[in-house]
Amino acid sequence: MGVTAGAGTAAAESGTTAARGGATATIGGLKTYGAAVVHTETGDLEVSAGLFEMSVEGGGTLQTYCVDLHNPTRKDARYHETPWSGTSLGTNEDAGRIRWILQHSYPQVNDLAALARKAGIRGGLTEQDAAAGTQVAIWRYSDGADVYAVDAEAEKLADYLEKKARGVGEPKASLTLDPPAVSGRPGERLGPVTVRTDADMVTVTPPANAVTSGVRIVDADGEPVTSARNGDRLFFDVPEDAADGTAELTLNASTTVPVGRAFASESRSQTQVLAGSSESTVSVKATATWAKTGAIPALSARKNCAEGGLDITASNVGDEPFTFDLMGIEHSIEAGETRTVTVPLREDQPYDLTMTGPGGFEKRFTGNLDCETQGVGTGITTQTLTEPTPTVSTPTDDLNLAATGSSNATPLIAGAAIAFVMIGGAALILVRRRNAP
């Protein structure tokens with residue numbers, strides 16, 4: 001846990017991104033997969049379907065499936081755990097069925113013989129079949145895709161999972177703090193900030209500058225804390241003589257991330273959903289702002305795909321209104337008031353929003369809104385068998401198409417056949433005319 005405090009007005013804060021908590025990881029590409037064919041209006045495309053692997057910052061490995069078929073996966077893209085509301089799952093009425101599939105298929109069910117029996121598959125399942133069938137079933141619900149697995153066993157598994165899927169609730173975050181921002185006056189305990197986690201224990205490390213700043217992290221009784229559990233309430237204990245400033249709290253834990261958690265990237269890399277997790281490092285931050293007089297704001301932000309924008313929540317525990325400018329529009333939060341402002345954003349467009357106010361106040365939020373499974377001008381994502389890392393291709397690309405499906409050459413073949421039929425018909429008419437009496 002690190003705390004930084006600085007002199008100046010209570011509003012002299014420089015933020016970065018929207019508050020988030022949980023695991024942060026880098027995607028490494030497809031690891032276990034098979035072939036699938038996607039039917040589109042312009043033809044059939046063969047793609048690779050299966051499990052991705054991610055490396056967690058601080059230690060750990062995640063296995064994920066894609067829930068964003070028509071967007072590309074960018075190599076080495078950085079992902080962070082996020083609520084469903086910040087992804088396309090938030091507006092998908094079948095999101096709960098996707099989680100059911102994850103809970104009842106590979107790799108959560110690693111007894112492939114038992115999984116094959118449940119699905120009525122006599123020939124058994126390989127890991128590749130299981131991964132491909134599971135991904136195909138997920139795509140049918142996440143993207144509404146007309147897609148099938150090339151392998152017969154994988155296709156039977158996909159049909160079984162699609163038919164059996166039932167709605168299941170969204171999993172809780174591996175680690176969050178509620179609220180992610182608090183404010184108050186020097187001499188008070190600012191908070192509480194409540195810990196929400198499925199980890200057995202969360203580590204709270206004393207701040208490196210505790211001696212100079214005097215800011216401590218304490219419990220409800222004012223006792224310093226070095227660890228916390230789910231439901232514990234933490235406070236920023238600010239000395240009465242502290243200059244106006246801010247502090248940041250970071251908690252860390254080691255736990256398995258719940259299956260079904262969404263993972264999003266700010267680099268427009270396709271959204272993933274968690275299928276399996278090793279013991280992994282998770283973290284979360286909260287901020288505190290204090291001042292002796294005037295407006296004392298606490299700010300946080302969260303993506304809202306249902307509204308197509310960014311929800312910025314501002315509270316003011318000061319004795320004067322907190323007035324700030326956002327995208328050229330002035331907002332005012334009265335003393336003792338909390339309000340959420342939704343900033344409309346364009347799909348797939350990076351945002352960089354800076355809130356400004358009196359006394360040199362400045363708070364910045366950056367990121368990318370990715371709420372739709374069909375990206376802007378990206379075409380379809382193809383994950384070819386010869387290249388596990390998905391790349392963006394248009395339907396006219398020369399792809400390795402499934403032997404059981406049609407291909408981009410189908411229209412040409414059909415056109416040639418029609419031409420030959422017409423030529424043959426014309427020749428027959430000429431012959432009949434010549435033979436006529």
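In this text the structure is predicted, and so the values were computed from the model without any measurement.
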Undergrad: Give a yes or no answer on whether the side chain of Arg216 reaches the backbone of Gly214 with a donor-acceptor pair at less than 3.5 Å.
TA: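 Not a single qualifying donor-acceptor pair exists.
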Undergrad: Hey, does Thr281 have a side-chain heavy atom less than 4.5 Å from the side chain of Glu57?
TA: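 No. Closest side-chain heavy atoms not under 4.5 Å.
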Undergrad: Please test Tyr141 against Glu162 for side-chain contact (heavy atoms from CB on, under 4.5 Å), starting from the C-alpha separation and ending with a verdict.
TA: CA-CA 8 Å; Tyr141 282 122; Glu162 181 186 13; 3.8 Å; yes
Undergrad: So how far is it from Glu372 CD to Thr91 OG1, rounded to the nearest 0.5 Å?
TA: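 Result: 8.0 Å between the selected atoms.
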Undergrad: Using 30° and 60° as the class boundaries, would you call the ring planes of Tyr148 and His39 parallel, tilted or perpendicular?
TA: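 Correct class here is tilted.
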Undergrad: Verify the distance criterion only: is there a donor paired with an acceptor across the side chains of Tyr79 and Thr26 at less than 3.5 Å?
TA: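 No, no side-chain donor-acceptor pair sits under 3.5 Å.
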Undergrad: Could you walk me through whether Leu62 and Val56 pass the side-chain contact (heavy atoms from CB on, under 4.5 Å) test, one step at a time?
TA: CA-CA 7 Å; Leu62 306 177; Val56 180; 3.6 Å; yes
Undergrad: Okay, side chain of Asn110, backbone of Pro107: is any donor-acceptor separation there less than 3.5 Å?
TA: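 Between the backbone of Pro107 and the side chain of Asn110 there is no qualifying donor-acceptor contact (under 3.5 Å).
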Undergrad: Applying ring-ring contact (aromatic ring centres under 6.0 Å, His included), name anything that partners Trp84, two or more places apart in sequence or on another chain.
TA: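 By the ring-ring contact (aromatic ring centres under 6.0 Å, His included) rule, Trp84 matches no residue at all.
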Undergrad: Could you check if a side-chain atom of Val273 sits within less than 4.5 angstrom of a side-chain atom of Thr64, using non-hydrogen atoms only?
TA: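 The answer is no, as the side chains (C-beta and beyond) never meet within the 4.5 Å cut-off.
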Undergrad: Going by heavy atoms in the side chains, are Cys371 and Glu347 under 4.5 Å from each other?
TA: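 A side-chain contact under 4.5 Å exists here.
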Undergrad: Within the structure provided, determine whether Thr313 and Thr338 are in side-chain contact (heavy-atom separation under 4.5 Å).
TA: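 In short, these two side chains touch, coming nearer than 4.5 Å.
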Undergrad: Could you check if a side-chain atom of Asp219 sits within less than 4.5 angstrom of a side-chain atom of Leu234, using non-hydrogen atoms only?
TA: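 Sidechains of Leu234 and Asp219: no contact.
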Undergrad: Whether the side chain of Ser283 engages the backbone of Asn252 through a donor-acceptor N/O pair (distance < 3.5 Å, no angle test) should be reported.
TA: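 Between the backbone of Asn252 and the side chain of Ser283 there is no qualifying donor-acceptor contact (under 3.5 Å).
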Undergrad: Does the distance from a Lys or Arg side-chain N to an Asp or Glu carboxylate O, for Asp221 and Arg233, drop under 4.0 Å?
TA: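 Result for this pair is no, no salt bridge flagged.
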Undergrad: Establish, from distance only, whether the side-chain atoms of Asp352 and Thr366 form a donor-acceptor pair under 3.5 Å.
TA: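 No - no donor-acceptor pair under 3.5 Å links their side chains.
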Undergrad: Starting from the C-alpha separation in whole Å, work towards a yes-or-no answer on side-chain hydrogen bond (donor to acceptor under 3.5 Å, both in side chains) for Thr342 and Asp311.
TA: CA-CA 4 Å; Thr342 301; Asp311 284 346; 2.6 Å; yes
Undergrad: Scan Asp44, Asp143, Val136, Leu69 and name whichever one has a side-chain contact (heavy atoms from CB on, under 4.5 Å) with Val38.
TA: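 Only one of Asp44, Asp143, Val136, Leu69 forms a side-chain contact (heavy atoms from CB on, under 4.5 Å) with Val38, namely Leu69.
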Undergrad: Is it the case that the side chain of Arg339 and the backbone of Ser315 share a donor-acceptor pair, with hydrogens and angles ignored and the cut-off at 3.5 Å?
TA: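 Checking the backbone N and O of Ser315 against the side chain of Arg339, no donor-acceptor pair under 3.5 Å is found.
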Undergrad: Please find the pair of heavy atoms, one from Arg140 and one from Ala145, that lie closest to each other, and give the distance.
TA: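 The answer is CG-O, 3.8 Å.
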Undergrad: I want to check something: taking the side chain as every heavy atom from C-beta on, are Asp244 and Lys292 in contact at a cut-off of under 4.5 Å?
TA: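 Asp244 reaches Lys292 side chain to side chain.
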Undergrad: For a side-chain hydrogen bond (donor to acceptor under 3.5 Å, both in side chains) check, start with the C-alpha distance between Gln270 and Thr73, then their side-chain angles and the critical distance, and finish with the verdict.
TA: CA-CA 5 Å; Gln270 63 184 189; Thr73 298; 2.3 Å; yes
Undergrad: Count the heavy atoms belonging to other residues, nucleotides or ligands that lie under 6.0 Å from NZ of Lys118, then report whether that count exceeds 12.
TA: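 No.
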Undergrad: Are Ile27 and Gln272 side-chain neighbours, meaning at least one heavy-atom pair lies under 4.5 Å?
TA: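 Yes, close enough: below the 4.5 Å cut-off.
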Undergrad: Are the side chain of Gln108 and the backbone N or O of Ser105 linked by a donor-acceptor pair below 3.5 Å?
TA: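 No, the answer is negative, given that no donor and acceptor are paired below the 3.5 Å cut-off.
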Undergrad: Step by step, would you call His331 with Thr323 a side-chain contact (heavy atoms from CB on, under 4.5 Å)?
TA: CA-CA 6 Å; His331 302 271; Thr323 301; over 6 Å; no
Undergrad: Please evaluate residues Thr24 and Glu81 with respect to the criterion side-chain hydrogen bond (donor to acceptor under 3.5 Å, both in side chains), reporting the C-alpha separation (whole Å), side-chain torsions for both, the decisive distance (0.1 Å), and the verdict.
TA: CA-CA 6 Å; Thr24 299; Glu81 184 181 342; over 6 Å; no
Undergrad: Is there a donor-acceptor contact under 3.5 Å linking the side chains of Ser183 and Thr289?
TA: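 Looking only at side-chain atoms, Thr289 and Ser183 do not form any donor-acceptor pair under 3.5 Å.
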Undergrad: Hey, does the side chain of Arg189 reach the backbone of Ala220 with a donor-acceptor pair shorter than 3.5 angstrom?
TA: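 Yes, Arg189 side chain to Ala220 backbone: donor-acceptor pair under 3.5 Å.
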Undergrad: Ignoring hydrogens and angles, tell me if any N or O in the side chain of Thr134 forms a donor-acceptor pair with the backbone of Ala130 under 3.5 Å.
TA: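 Yes: the side chain of Thr134 pairs with the backbone of Ala130.
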Undergrad: Salt bridge or not for Arg97 and Asp94, using N-O below 4.0 Å?
TA: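 Salt bridge present between Arg97 and Asp94.
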Undergrad: For a side-chain contact (heavy atoms from CB on, under 4.5 Å) check, start with the C-alpha distance between Val195 and Leu251, then their side-chain angles and the critical distance, and finish with the verdict.
TA: CA-CA 9 Å; Val195 179; Leu251 300 182; 3.9 Å; yes
Undergrad: How long is the span from the CG atom in Leu125 to the CG atom in Leu157, to the nearest 0.5 Å?
TA: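 If we round to the nearest 0.5 Å, Leu125:CG and Leu157:CG are 5.5 Å apart.
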Undergrad: If you measure only the distance, is there a donor-acceptor pair under 3.5 Å linking the side chains of Ser267 and Ser265?
TA: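 Distance-only check passes for Ser267 and Ser265.
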Undergrad: Any chance the side chains of Thr255 and Asp198 put a donor and an acceptor closer than 3.5 Å?
TA: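 The answer is yes; a qualifying pair exists.
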Undergrad: Between Arg261 and Glu170, does any NZ, NE, NH1 or NH2 come within less than 4.0 Å of an OD or OE carboxylate oxygen?
TA: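 Yes, this pair counts.
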Undergrad: Answer yes or no: is there a side-chain heavy-atom contact under 4.5 Å between Leu30 and Leu51?
TA: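 The answer is no; the side chains never approach within 4.5 Å.
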